[in-house]
Amino acid sequence: MQLERIVASWLRTRRAMSLTKEGLARHRLKQWAKLQPALARTPALAPFARRPIEAFPVTPVNAIRRDYGAWNSLGLSDKDLRQMADASERGHQPADISAGWSTGSSEATRGLFVATGAERADYIGQSLARLLTFFALLRSQRLALHLRASNALYSDAARGRLRFHHFPIEVPIAETAEALSGYAPTILIAPPSRLIALATMGIALPSLRHLFFGSEPMSATERDLITAHFGISPRSIWQATEGFLGADCAEGRLHLNDHSLEIELQPVTGTHGFRPIITDLRRRSQPIVRVAGDDYIELGERGCSCGFAGRIIRPIEGRVQDIWRLATHCITPPQVVAAVEQVLLPELRWQASADARGITLAVGPKCPAELAVQAGAMLQQLTGLEPLLRHDLLEWSGPKRNKVVWRDG
């Protein structure tokens, strides 16, 4: 039954991907109507059920994380769900309803994801339709997931020709490289920082055919380094606790998943970019309606030769809360990344931070002093402020790296 659901989701997604922009809008309206019974069973959303989407309040992510019991339609309490997510990380998972933790940087900021078996199948079908061609699905594939934790969303994909193995991110990179070499994946999903580390070590993965990254932003110079080493251009999977938000098409453009989500673009003051306001039209066990995301996004060009009419955005390179709000102007994470990486090689670790008092550029011990000075000069040219230079940046300690940070507030 689960395999049939995956196939049905794949076909449904492929059909939606052939719709025009206007067709996608009509498709979203139909899905919104079908979502209403689940909203009526969700305590936080029940007062607004069966009303237009604009009548629902915009909700910060942290409001959901305070009480997951109010944000599910299954009658489960916050305590129930947290216990289920903890059990999932120890390898215990109920047959149908699953709960898992996201890859947040700390216990306080991790999100919790709830899904039924049918929703997991739908997620897998959507993902396969967005990421792989039909011919790729006909071949035997070995999927390697190199993220902080695995859960049923991923392991359910291991069916028939598709094998699956999770490589925890907490394992030292040398051990991971050895294990990956032995597994010989044809599909690899990993954060950019780990892909860079693997490339720098010189790992050879001759069987690799499809390379995806998630969890962290990837800059243009990092993409070039990884492409040069693996011989495959890495493609982005934009996924959050709030849903599967977008993915790179085969042409390398990041499309919003406008076939299954209503993503409103809220302008960010002082910039040309937006904060996404996310509504997942297919999730019923844990409805997500007008939830404010953290990522800072900018629109890309219109139209793509891949044929999918989902909106195109530029690669994501930071969060809204990490925009530098200086005395006279705002500096966005993409601007900071572009300035620093005109000088620093992608394998050199760095972090630029700012607050109302000034800016700091920290680099790792392997960064040549003269390059750090040049990168600092680029930041000064961008901001008008001379940065404090530090050479004490340690290895990234959390599951996510942040290269651009705003420390006030």
Side-chain angles (χ1 to χ4, degrees), residues 12 16 24-85 94 96-102 104 108-120 122-123 126 153 238-246 256-269 274-295 297 311 319-321:
R12 180 171 52 247
L24 284 173
R26 292 191 293 270
H27 183 62
R28 292 195 298 272
L29 283 174
K30 292 178 182 178
Q31 291 180 96
W32 174 249
K34 293 178 181 179
L35 186 62
Q36 299 310 304
L39 303 187
R41 298 192 301 270
T42 304
L45 299 172
F48 309 97
R50 306 192 186 285
R51 297 171 65 183
I53 193 170
E54 296 82 7
F56 285 68
V58 174
T59 302
V61 170
N62 288 341
I64 298 176
R65 294 174 182 176
R66 284 195 292 268
D67 183 7
Y68 291 109
W71 285 87
N72 77 89
S73 65
L74 306 173
L76 295 170
S77 70
D78 182 80
K79 181 180 179 181
D80 292 336
L81 292 170
R82 291 178 186 273
Q83 289 178 342
M84 289 170 62
D96 186 49
I97 299 171
S98 63
W101 293 111
S102 75
T109 60
R110 285 195 299 171
L112 186 146
F113 188 99
V114 185
T116 63
E119 287 171 324
R120 295 197 301 271
D122 187 45
Y123 173 89
Q126 285 192 59
L153 276 176
W238 184 25
Q239 178 179 293
T241 316
E242 295 74 54
F244 178 29
L245 307 181
L256 297 179
N257 281 342
D258 285 335
H259 67 285
S260 62
L261 294 105
E262 187 70 55
I263 300 181
E264 304 165 65
L265 300 180
Q266 183 183 78
V268 177
T269 304
F274 304 89
R275 177 194 291 272
I277 307 301
I278 303 159
T279 299
D280 191 327
L281 300 168
R282 299 202 58 80
R283 283 172 67 179
R284 286 160 171 72
S285 60
Q286 186 187 35
I288 297 296
V289 178
R290 303 199 84 196
V291 175
D294 289 332
D295 291 306
I297 66 176
R311 287 166 292 176
R319 304 177 301 178
V320 171
Q321 55 265 45

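Computed from heavy atoms alone, side chains included, the values below leave out hydrogens, waters and symmetry copies.
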Any non-hydrogen side-chain atom of [X] less than 4.5 Å from a side-chain atom of [Y]?
| X | Y | result |
| --- | --- | --- |
| L261 | I278 | yes |
| I263 | T279 | no |
| Y68 | Q286 | yes |
| V291 | I64 | yes |
| M84 | S98 | no |
| L24 | H259 | yes |
| L81 | V114 | yes |

* To do: Check the pair T241 / V61 against side chain to side chain contact (heavy atoms under 4.5 Å, CB included), numbers first and verdict last.
  => CA-CA 9 Å; T241 316; V61 170; over 6 Å; no
Could you list the residues that satisfy salt bridge (Lys or Arg N to Asp or Glu O under 4.0 Å) with [X], not counting sequence neighbours?
| X | result |
| --- | --- |
| D78 | R82 |
| R284 | none |
| D122 | R12, R282 |
| D258 | R311 |

* Between the side chain of N62 and the main-chain N/O of R65, is any donor-acceptor distance below 3.5 Å? -> no
* Could you verify whether a donor N or O on one side chain and an acceptor N or O on the other, from Q31 and R28, lie under 3.5 Å apart? => no
* To do: Please confirm whether R283 makes a cation-pi placement over F113, using NZ or CZ under 6.0 Å from the six-membered ring centre and within 45° of the ring normal.
  => yes
* Non-hydrogen atoms of A115 and S285 that approach each other most closely -> CA-OG, 3.6 Å
* Taking all atoms of both residues into account, what is the closest heavy-atom pair of L245 and A240, and its distance? -> CD1-CB, 4.2 Å
According to side chain to side chain donor-acceptor pair (under 3.5 Å), who are the partners of [X], at least two apart in sequence or on a separate chain?
| X | result |
| --- | --- |
| W71 | none |
| S260 | Q126 |
| D295 | W238 |

Partner set under side chain to side chain contact (heavy atoms under 4.5 Å, CB included) for [X], not counting sequence neighbours:
| X | answer |
| --- | --- |
| V268 | T271, R275, Y296, V320, I323, R325 |
| L29 | none |
| K79 | S77, Q83 |

Please list every donor-acceptor pair under 3.5 Å in which a side-chain atom of residues 38-60 meets a protein atom from a residue at least two apart or in another chain.
from	atom 1	to	atom 2	distance (Å)
R41	NH1	P37	O	3.4
T42	OG1	A38	O	2.9

* **Point-to-point distance, once rounded to the nearest 0.5 Å, from CD of E262 to CG of N257** => 13.0 Å
* Roughly how far, to the nearest 0.5 Å, is the CG atom of L74 from the OG1 atom of T116? -> 7.5 Å
